[in-house]
*Asks:* 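The following block contains the structure, expressed as structure tokens.
Keep in mind that this is a model prediction, so the values were computed, not measured. In what follows, chains are A, B, ... by sequence order, proteins preceding strands, each numbered from 1.
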2 protein chains.
Amino acid sequence: MADSRSSRSEGLGASSPAPAVTRAAAVLEALAESPSGRLTLSDLSRELGIPKSSTSNLLLALEEARLITRQGADFALGRKLVELGAAYLSRLDEVQEFYKYCEQAPTLSGETVRIAMLDGDHVIYLARYEGHPAVRLTSNIGDKMPVSLCSVGKALLAQLHDHDIDSMFPDGMELPTMTANSLKTAEELKAEISTIRQQGYAFEDEESTVGVVCLAVPVPTHGAHGPSLGLSVTALKATYSEEQGALMVKELKELARSLGNPMG
Amino acid sequence: MADSRSSRSEGLGASSPAPAVTRAAAVLEALAESPSGRLTLSDLSRELGIPKSSTSNLLLALEEARLITRQGADFALGRKLVELGAAYLSRLDEVQEFYKYCEQAPTLSGETVRIAMLDGDHVIYLARYEGHPAVRLTSNIGDKMPVSLCSVGKALLAQLHDHDIDSMFPDGMELPTMTANSLKTAEELKAEISTIRQQGYAFEDEESTVGVVCLAVPVPTHGAHGPSLGLSVTALKATYSEEQGALMVKELKELARSLGNPMG
DNA sequence: GAGTAGTGTTCAGCAGATTGAACACCCGAA
DNA sequence: TTCGGGTGTTCAATCTGCTGAACACTACTC
């Protein structure tokens, strides 16, 4: 990837109120995005454009905080991040309620349900309820997915204003694809979004995984702040029927309404 | 290494190679440990002994990196931490292998099994396999537990050198308790540890939750680096039998051996 | 109203973190 | 052996991020 993200391309000229912190965050991100999850001091220094000596200082401080670990010559993410991530999730009441609802819902309790959050042009899965052992998801909690490739992503996009969508996906932009059914262009995505707005839920037909369909609804954002959440059910296309889909959408919407209501 | 817990106290007098980073990490930790998960700039400034203006800079940088979020006047942990935590877990091959093994193990496949990691005087749960819907655990992935209160914790302690245990739990120290059966003193814990060393596994009899028993084994640490991992099975005391326990310990040990072997 | 206690923000000056070249080290090739 | 390419570490000079008092603001109380 190298140049793709670069929050501050090259010398991070744009002033940060605490440059060391911004750089430390960049180090964590670089480690998270690295395929092997392990990088040497020199790798990081080169990739992020930070002098080696400074990088060394950052790494020492991060290591002391256990945000990263040293493994021989390599550095990798540290276990403290698991703690912090869990602390974040434990504060999301929505996740707790999500589990409770799924367990007692007539249709959903037997399905594979997930709750996800919008994060830029990706979606992060926050929790997963597995009522249907036949559908084994390869995705784990915390995993990221491009918005255009999953039903939750599209459902969450549909909630945004058009100008936000346009700035994220300017006309003519090509989208990442995973199957033959994946949406390929920004135009296709926008057409899909208007359909979603009309029918009130998103449908995904083998767009990320062959043989698998998904249904998703957004959780109405409560108040001003707080991230946008979405819910999805995953099913095998072979056994999926429209009536079943209707039932699932109904329950998803009910759960979404209850999550969106601050009074639980 | 020097003194590990110097970051606390007050003005973090010990010099860090990148003070801003060390302080930023302290901010994250403070937010994670705060009961409500939300603190104001002034709260943080006061609690960590950092001048308000500096704290403000740190918070701005952390917010830009999405490691924290602003919610009105309060600050809370940010969603990027979920991503980073997930990235850490996805790199732990042990977790993937753990799931695979549990699914096909004759006895364990029907039980609730967890894999955990030693982190100071606590244990962090990394993953959970749920083969037994009757046992609903309240703990989530990433949650922390005092070592003395769970079987995995004790199993992992038993692997440490005596002098390390002594420095963590000096004689006379009182331990946190959750039920009437919880170990209460450092002496009790050390006696338990020698039992564990003899029999090769740890047993927990309603020490953290009434009605629940646990069995745990450590994963032999492969090579020098890498964290200490442990495995545990949770069962209802009402339905637990010694023969079943023997079977589960056998499979746990087999899984532990395979995880400890770098060749998978 | 004025008063009080809390919030977060500003800015000039100085303490100090950042820097890059030089250093020490390890490994494999010639 | 000596070389070359790779690693991470050191340190004094410099430039910059940190500081603290003063500020602006809101929300209460009286």
*Asks:* Whether the side chain of B/R70 engages the backbone of B/L60 through a donor-acceptor N/O pair (distance < 3.5 Å, no angle test) should be reported.
*Replies:* no

*Asks:* Rounded to whole angstroms, how far apart are CZ on B/R23 and P on C/dG16?
*Replies:* 11 Å

*Asks:* Less than 4.0 angstrom from a charged side-chain N to a carboxylate O is my criterion; do A/D43 and A/R38 meet it?
*Replies:* no

*Asks:* Can you confirm whether B/M178 is buried at CE, in the sense that more than 12 heavy atoms of other residues, nucleotides or ligands lie under 6.0 Å from that atom?
*Replies:* no

*Asks:* Could you check how far CG of A/L58 sits from P of D/dG8, rounded to whole Å?
*Replies:* 14 Å

*Asks:* Suppose we screen for side chain to side chain donor-acceptor pair (under 3.5 Å). Which residues come up paired with B/K80, at least two apart in sequence or across chains?
*Replies:* none

*Asks:* Any chance you could list the contact pattern along nucleotides 6-12 of chain C? Use B for base contacts, S for sugar-phosphate-only contacts and - for none, protein heavy atoms under 4.0 Å, 5' to 3'.
*Replies:* -SBSB--

*Asks:* To the nearest Å, give me how far apart CG (B/N57) and C1' (D/dT16) are.
*Replies:* 12 Å

*Asks:* Side chain to side chain donor-acceptor pair (under 3.5 Å) with A/S208: which residues, sequence neighbours excluded?
*Replies:* A/E204

